[in-house]
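One structure is given below, encoded as C-alpha cells.
All values derive from a computational prediction rather than experimental measurement.
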Amino acid sequence: MIDKLKNMVKLFKSVDLEQLEKISKKVDLAEVLGAVSKMDENQLKMAMKMLTGSKKKKDPPPIDADFYDISAKLSPEDRALQLKVRAFLEAEIKPVVNKYWLHDEFPFEIIPKLAELNVCGYVYEGYGCAGGTSLMDGIIASEFGRVDPSIATFLGVQSGLAMGSIYLCGSEEQKAEWLPAMQQLKKIGAFGLTEPLVGSGTAGGLTTTCKREGDKWILNGQKKWIGNSTFSDMTVIWARDLDDQQVKGFIVRKENPGFSVEKIKGKMALRIVQNGLITLTNCEVPESDRLVNANSFRDTAKVLQMTRAGVAWMAVGCARGAYENALEYTLQREQFGKPIASFQLIQNHLVEMLSNLTAMQTLVFRLSELQDDDKLKDEHASLAKVFCTLRTRDIVSRAREVMGGNGILLEYNVARFLADAEAIYSYEGTKEINSLIVGRSITGFSAFV
C-alpha cells in the first residue's frame with residue numbers, strides 16, 4: 001500500500017493539472033484510460049510514437065547513383081582513376097562553376113590543373129597520351145558532366161573533336177606537332193563544322209569552301225557555335241573543295257590571314273563554353289596544314305562517331321549530377337515536420353529519375369565495350385545519343401520539380417543542369433537526325449531528304 005501511495009504521489013507530481021483540465025474538456029479521459037489499459041506492449045509503443053513523434057531519427061543511406069554497381073566491373077586501377085577524377089572535380093571545379101556560368105566566362109586558371117590530371121586524349125596511343133580504353137574515357141566524360149557539363153564540353157572539344165581529327169586524319173608530322181602539346185593543354189583546339197545556315201545538313205551542304213592555289217589553300221565562309229574558338233590556338237575547319245566538291249579538313253591557326261572570331265553571347269546553356277562565330281575571308285592555309293587523310297565527309301564522320309559516344313556519356317553525367325543534387329535536397333528540406341524525401345510523390349519522382357539514369361548507364365557501358373572491341377557502328381552511337389539526351393531532359397526536369405522554387409536558383413546547381421541539358425540534347429546531331437541514322441539501320445530505308 002505504501003508503494004502504491006508513493007507511486008500515486010510521483011504520478012501527481014508529474015502531471016500538469018492545468019493541462020489535464022484542458023484535455024478533459026476535449027476528450028473523455030475515462031474512455032481514453034479504458035482504451036489504453038486494454039493495449040498490449042507493442043500497441044502502447046506505437047501509440048506513444050504517434051503521440052510524441054519520438055521516432056528515432058535515422059541517418060539516410062549514402063547518395064550513390066550507381067544503383068546497379070556498374071563501377072564494380074572496373075579494374076582496381078580504373079576505379080581508382082574514376083575516384084581521382086571525381087575528387088579533383090569536387091575540389092577544384094565545383095566551387096567555381098556557378099560564378100563563371102553566371103557571368104558567361106571561362107575559368108582559365110583551371111587549365112593547368114586539368115593538365116595535371118592527365119586525362120586529355122586518354123584513348124590515343126602515343127604522343128604523351130594514355131592509350132586507355134573507350135570505356136574509361138566515357139566514364140571520365142561522365143564524371144566531368146556530373147559536376148559541370150560546360151567543362152565536360154570544353155574537354156570533349158579539346159580531347160575528342162580537335163585532337164581526334166588530327167589523330168584520325170592528320171599526317172605524322174601534324175600529329176607530332178600538335179598532339180603532345182594539346183594533351184598537356186599547352187595548345188587549345190577547336191572544331192569548325194557547323195555553319196550559320198548548315199547544321200544537320202553538313203554531310204552534303206557545307207557552304208564554307210576551299211580552293212587550292214599552288215602550295216596554299218584559300219578558305220571562305222563562316223562557322224557557328226564553335227566551342228573554345230575564342231581563345232584556341234588552332235581550329236580544325238571542314239570545307240567543301242570547289243574543284244572536286246569533297247569535304248576536306250584543315251588546321252587553321254589563329255594567326256592565319258583572313259581568320260577572325262566573334263564570341264556568341266546571350267546563351268541560356270553551357271555558358272562557360274566560349275562559342276564563336278568564325279569568319280573566313282580569303283583565309284590562307286598552307287598545304288602542310290591540310291589534314292592529309294581527310295578527303296570526304298566519311299572521314300569527318302569517323303571523328304563524329306567517336307565523339308558522339310562521348311556525348312552520350314556526358315549526358316549520363318549531367319543527369320547524375322541533377323539526380324544527386326535533387327536527392328540530397330529532398331533529404332534535407334523539411335515540410336510538415338519531416339524531410340520531403342519521405343513523401344510518396346517525391347519518392348516516385350526520385351525513382352523515375354533513377355530508373356532512367358540506370359538504363360542510361362548500362363546502355364553507354366555496353367556502347368563503350370563495342371567501341372573497345374572495334375564493333376561500334378554509327379547507329380550504335382546515334383541510338384545512345386538519342387536515348388541518353390532525351391532521358392536526361394526528363395531527369396533534370398524532375399530534379400527541378402522536386403526542389404520547388406529553389407530549383408531555379410543557381411546556388412542549388414540543378415538550374416544549371418536543367419539549362420545545359422538543352423544544349424547537349426541538340427549538339428553532335430539532333431534527336432531527329434540521329435533517329436534517322438538508327439531508322440536507316442533497322443529498316444534498310446534512308447529517310448534523309
Is there side-chain contact between [X] and [Y], with at least one heavy-atom pair below 4.5 Å?
X: Leu357; Y: Ile395; value: yes
X: Arg271; Y: His103; value: no
X: Ile272; Y: Pro107; value: yes
X: Arg416; Y: Pro149; value: yes

Query raised in the report: Is the charged tip of Lys254 near the ring of Phe259: under 6.0 Å from the six-membered ring centre and within 45° of its axis?
Result: no
Does this structure show an ion pair linking [X] with [Y], if we count only N-O contacts that are shorter than 4.0 Å?
X: Lys302; Y: Asp299; value: yes
X: Glu324; Y: Arg146; value: yes
X: Lys211; Y: Asp243; value: yes
X: Arg290; Y: Glu287; value: yes
X: Lys113; Y: Glu116; value: no

State whether the number of non-hydrogen atoms from other residues, nucleotides or ligands found under 6.0 Å of [X] atom [atom1] is greater than 12.
X: Arg253; atom1: CZ; result: yes
X: Lys338; atom1: NZ; result: no
X: Asp69; atom1: CG; result: yes
X: Ile408; atom1: CD1; result: no
X: Lys267; atom1: NZ; result: yes

Query - Given Thr194, Thr279, Thr281, Thr208, the one that forms side-chain contact (heavy atoms from CB on, under 4.5 Å) with Gln222 - result: Thr279
Report summary line: To the nearest 0.5 Å, atom CG of Asp289 lies from atom CD of Glu177 at 6.5 Å
Query - Contact summary for Pro60 and Leu331, nearest pair of heavy atoms - result: CB-CD2, 3.9 Å
Query - Closest non-hydrogen atom pair between Arg400 and Val414, with its separation - result: N-CG1, 3.6 Å
Report task. Sequence neighbours left out, what passes ring-ring contact (aromatic ring centres under 6.0 Å, His included) with Trp217? Give chain and number order. Result -> Phe250
Query raised in the report: Are a donor atom and an acceptor atom from the side chains of Thr230 and Gln274 found within less than 3.5 Å of each other?
Result: no
Report task. Just do the side chain to side chain contact (heavy atoms under 4.5 Å, CB included) check on Trp313 and Leu135 with the steps written out, would you? Result -> CA-CA 10 Å; Trp313 274 103; Leu135 175 60; 3.8 Å; yes
Query - Short side-chain to backbone donor-acceptor contact, Tyr425 and Thr392, under 3.5 Å - result: no
Query raised in the report: Does Glu195 reach the main-chain N or O of Thr207 with its side chain, forming a donor-acceptor pair under 3.5 Å?
Result: yes
Query raised in the report: Taking the six-membered ring for Trp, are Phe231 and Phe106 parallel (under 30°), tilted (30 to 60°) or perpendicular (over 60°)?
Result: tilted
Report task. Would you check, one step at a time, whether the test salt bridge (charged side-chain N to carboxylate O under 4.0 Å, His left out) holds for Arg366 with Glu369? Result -> CA-CA 5 Å; Arg366 177 57 184 154; Glu369 286 183 333; 3.2 Å; yes
